[in-house]
Amino acid sequence: MRDFVHTSHAQRVVFGAGALAHLAREIDALGARRALVLSTPEQRAQAERVAAMLGAKAAGVFDRAVMHVPIETAREARELARRLDADCAVAIGGGSTTGLGKAIALDSGLPILAIPTTYAGSEMTPIYGLTEGGLKKTGKDVRVLPRTVIYDPELTRTLPVGLSVTSGINAIAHAAEGLYAQDSNPVMDLMAREGIAAIARALPAIRRQPDAIEARADALYGAWLCGSVLGGVGMALHHKLCHTLGGSFSLPHAEVHAVLLPHAVAFNAQAAPRAMTDIAQALGSATAPEGLQALARDNGAPVALKDIGMREADLDRAANLAVANPYWNPRPFGPAERDSIRALLQRAFDGDAPR
Ligand SMILES: NC(=O)C1=CN([C@@H]2O[C@H](COP(=O)(O)OP(=O)(O)OC[C@H]3O[C@@H](n4cnc5c(N)ncnc54)[C@H](OP(=O)(O)O)[C@@H]3O)[C@@H](O)[C@H]2O)C=CC1
Ligand SMILES: O=C(O)/C=C\C(=O)CC(=O)O
């Protein structure tokens with residue numbers, strides 16, 4: 001048994017088909033009076049339904065959430081929360097909406113109740129992202145950690161199959177990197193293995209029948225576990241590459257995770273053999289990188305950066321950016337490994353097998 005330190009986060013999780021019905025009870029349990037409901041513009045109708053469920057406890061709806069939380073949007077939402085005298089925020093949607101809630105909490109300490117409708121996992125982490133002047137910055141602050149999370153698989157039935165698959169792999173990425181994180185521990189490892197296995201069995205079932213509630217529940221359960229791993233331990237090479245390509249080249253978040261994960265894991269294979277065994281076993285595959293690429297390909301997700309908007313001419317700059325300020329990784333990837341990272345990105349660009 002390794003020595004380890006584990007910090008538990010205080011969060012309340014309400015899980016189950018139809019769990020949204022407990023929303024008003026959960027607002028009371030938070031000790032809040034007036035909730036600002038957050039959503040993307042496209043999910044406004046759903047946010048209004050949530051506000052209607054809250055009745056007098058709803059302070060209003062702010063429907064401007066977009067990916068990567070532009071600072072201007074965060075400021076507008078903070079100001080509205082102040083003007084409406086909201087004492088909590090309800091974020092219903094994917095990681096973009098949760099991220100907006102976090103931006104409000106970072107400034108004001110307002111408690112967040114998150115109702116995730118994708119598998120991104122942000123609701124379980126104290127990590128926030130903010131984009132200012134075209135640059136995305138991430139940080140950690142326990143104030144942004146949602147206090148309550150309502151996981152209702154009914155709300156994910158409408159998530160398109162393509163997004164379900166890439167978002168599920170986004171969640172798996174948290175667990176995979178958690179297994180080789182510098183500060184990994186046996187509790188996080190358990191959650192990571194179980195989370196990967198739950199999502200790996202859910203995605204083919206969702207592809208066959210997108211509104212199958214059992215499969216949707218499995219995927220959301222997996223997202224909870226994998227998100228908890230991201231919230232509990234550090235990120236490594238894979239997340240660094242995704243943040244570089246998402247933040248500086250505007251590639252779509254979940255898709256970039258789906259394409260890069262097999263390649264980042266292959267890069268780390270020799271440095272993290274125990275994690276490789278765990279990932280492969282959870283996927284039921286011969287090796288971790290093969291299993292991850294097969295999970296994407298067999299379920300119709302993209303496997304090449306060239307298919308999700310990356311320009312080959314930008315690969316050099318992407319490699320430079322990624323190695324300039326590296327995250328800890330079991331196999332270091334600073335400026336001295338720049339050519340290996342450039343080669344990894346080329347394989348991911350072409351959709352080659354990971355190695
Ligand atoms: N801080 C953290 O710990 C983490 C942060 N993130 C951040 O979260 C963002 C990505 O999150 P992600 O969830 O992938 O992206 P979004 O929240 O942008 O959601 C992706 C898409 O899913 C659609 N959608 C969401 N729920 C449903 C549903 N139930 N039915 C139909 N469509 C739905 C949205 O549609 P529409 O636009 O119509 O609403 C949107 O187009 C990034 O900014 C990333 O950095 C991700 C993981 C962890
Ligand atoms: O890459 C991820 O899925 C995890 C973390 C982030 O996206 C950080 C953020 O909130 O921008």
Side-chain angles (χ1 to χ4, degrees), residues 9 20 38-47 49 63-70 73-74 91-103 105-106 112 114-132 135-141 144-146 149 151-178 206 210-211 216 219-220 223-224 226-247 250-258 260-261 264 327:
H9 291 132
L20 183 61
L38 309 174
S39 74
T40 59
E42 294 79 6
Q43 310 294 331
R44 166 110 201 169
Q46 190 174 44
R49 273 199 303 281
D63 70 357
R64 305 270 305 281
V66 289
M67 205 169 272
H68 303 315
V69 199
T73 314
I92 179 155
S96 299
T97 309
T98 310
L100 178 61
K102 289 177 164 185
L106 184 65
I112 305 300
I115 310 169
T117 62
T118 69
Y119 308 127
S122 175
E123 65 283 355
M124 296 311 294
T125 84
I127 302 166
Y128 62 87
L130 276 170
T131 304
E132 188 166 11
L135 264 188
K136 181 167 175 174
K137 284 190 241 152
T138 55
K140 261 190 186 185
D141 192 314
V144 309
L145 186 73
V149 182
Y151 283 111
D152 185 343
E154 293 284 359
L155 301 173
T156 61
R157 285 174 123 153
T158 51
L159 189 63
V161 169
L163 249 166
S164 301
V165 175
T166 53
S167 188
I169 296 174
N170 182 188
I172 286 179
H174 307 330
E177 292 229 300
I206 289 171
D211 68 349
R216 289 294 184 178
L220 211 46
W224 169 35
C226 294
S228 301
V229 175
L230 179 65
V233 297
M235 303 181 269
L237 169 69
H238 168 73
H239 283 80
K240 177 67 192 187
L241 293 175
C242 290
H243 296 169
T244 303
L245 297 192
S250 300
L251 295 198
H253 183 82
E255 284 90 334
V256 82
H257 269 274
L260 281 179
L261 186 60
Y327 298 171

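In each ligand, atom 1 is the first atom listed, and ligand 1 is the first ligand listed. One-based numbering along the sequence shown.
Which parts of ligand 1 touch H68 is read off a 4.0 Å heavy-atom cut-off, strictly below it: atoms 42 (C), 43 (O), 45 (O). The ligand atoms of ligand 1 that sit less than 4.0 angstrom from a heavy atom of S122 are 1 (N), 2 (C), 3 (O), 4 (C), 5 (C), 48 (C). Close approach to G94 involves these atoms of ligand 1, each under 4.0 Å from a residue heavy atom: 13 (O), 17 (O). Annotation for ligand 1: atoms under 4.0 Å from non-hydrogen atoms of T117 are 25 (C), 26 (N), 27 (C), 29 (N). Close approach of ligand 1 to T40 (heavy-atom distance below 4.0 Å) involves ligand atoms 36 (P), 39 (O). Interface atoms of ligand 1 facing M67, defined by a heavy-atom separation under 4.0 Å, are 15 (O), 18 (O), 42 (C), 43 (O). The distance from ligand 1 to the heavy atoms of K102 drops below 4.0 Å at these ligand atoms: 1 (N), 2 (C), 3 (O). Residue L230 has at least one heavy-atom neighbour below 4.0 Å for each of these atoms of ligand 1: 3 (O), 48 (C).
Between H253 and H243, the angle of the ring planes stays under 30°, which puts this pair in the parallel group of the 30/60° scheme.
Remark: ligand 1 and A120 share no N or O pair separated by less than 3.5 Å (distance only, no angle test). At least one N or O atom of I127 sits closer than 3.5 Å to an N or O atom of ligand 1. Between G95 and ligand 1, a contact under 3.5 Å exists for at least one N or O pair. Polar contact check, N170 against ligand 1: no nitrogen or oxygen pair lies under 3.5 Å apart.
Ranking protein heavy atoms by distance to atom 29 (N) of ligand 1, first place goes to L155 O, 2.9 Å. Looking from atom 46 (C) of ligand 1 to the surrounding protein, the closest heavy atom is H253 NE2, 3.5 Å. Scanning all protein heavy atoms for the shortest distance to atom 33 (C) of ligand 1 gives L159 CD1, 3.5 Å. In this structure, atom 16 (P) of ligand 1 lies nearest to the protein heavy atom S96 OG, 3.3 Å. Taking atom 37 (O) of ligand 1 as the reference point, the nearest protein heavy-atom neighbour is E42 OE1, 3.3 Å. At the shortest separation from atom 45 (O) of ligand 1 among protein heavy atoms lies K136 NZ, 2.8 Å. Closest to atom 35 (O) of ligand 1 among all protein heavy atoms lies Q43 NE2, 3.6 Å. Nearest non-hydrogen protein atom to atom 30 (N) of ligand 1 is T158 OG1, 2.8 Å.
In this structure, M235 and Y327 approach most closely via the heavy-atom pair O-CB, 3.8 Å. Residue L130 comes nearest to A74 through the heavy atom pair CD2-CB, 4.0 Å, listed as atom of the first residue, atom of the second, then distance. The two residues A176 and L261 make their nearest non-hydrogen contact at CB-CD1, 4.4 Å.
Side-chain atoms of S228 come within 3.5 Å of backbone atoms of W224 as a donor-acceptor pair (strictly under, hydrogens ignored). The closest donor-acceptor contact from the side chain of S96 to the backbone of A65 lies at 3.5 Å or more, if one exists at all. With H174 contributing its side chain and A120 its backbone, the two residues share a donor-acceptor pair below 3.5 Å. Formation of a donor-acceptor pair under 3.5 Å by the D63 side chain with backbone atoms of R44 is not found in this model. Although no hydrogens or angles enter the test, the distance criterion places a donor-acceptor pair under 3.5 Å between the side chain of T131 and the main chain of H68. Under a 3.5 Å cut-off, the side chain of E177 and the backbone N or O of H239 do form a donor-acceptor pair. Formation of a donor-acceptor pair under 3.5 Å by the R216 side chain with backbone atoms of T156 is found in this model.
Taking 4.5 Å as the limit, some side-chain heavy atom of Y119 sits within range of a side-chain heavy atom of L220. Under the 4.5 Å side-chain criterion, counting only non-hydrogen atoms from C-beta, I92 is in contact with T117. Contact annotation: the side chain of I206 never approaches that of V165 to less than 4.5 Å [non-hydrogen atoms, C-beta and beyond]. At least one side-chain heavy atom of T73 sits less than 4.5 Å from a side-chain heavy atom of L100.
Taking a 6.0 Å sphere around NZ of K137, one finds it holds 12 or fewer heavy atoms contributed by other residues, nucleotides or ligands.
Counting only non-hydrogen atoms, the option in T156, D63, L163 that gets closest to atom 22 (O) of ligand 1 is L163. Nearest to atom 25 (C) of ligand 1 by heavy-atom distance, out of L145, T125, T118, is T118.
Atom 40 (C) of ligand 1 is never approached by the protein to below 4.0 angstrom, counting heavy atoms only.
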Dump all N/O pairs between ligand 2 and the protein below 3.5 Å as a table: atom names plus distance, one pair per row.
{"unit_1": "ligand 2", "atom_1": "1 (O)", "unit_2": "H243", "atom_2": "NE2", "d": "2.7"}
{"unit_1": "ligand 2", "atom_1": "1 (O)", "unit_2": "H257", "atom_2": "NE2", "d": "3.0"}
{"unit_1": "ligand 2", "atom_1": "3 (O)", "unit_2": "N170", "atom_2": "ND2", "d": "3.0"}
{"unit_1": "ligand 2", "atom_1": "3 (O)", "unit_2": "H253", "atom_2": "NE2", "d": "2.9"}
{"unit_1": "ligand 2", "atom_1": "3 (O)", "unit_2": "H257", "atom_2": "NE2", "d": "3.2"}
{"unit_1": "ligand 2", "atom_1": "10 (O)", "unit_2": "G129", "atom_2": "N", "d": "3.4"}
{"unit_1": "ligand 2", "atom_1": "11 (O)", "unit_2": "K136", "atom_2": "NZ", "d": "2.5"}

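Applying the side chain to side chain donor-acceptor pair (under 3.5 Å) test to T125 and every residue at least two apart in sequence or in another chain returns K102.
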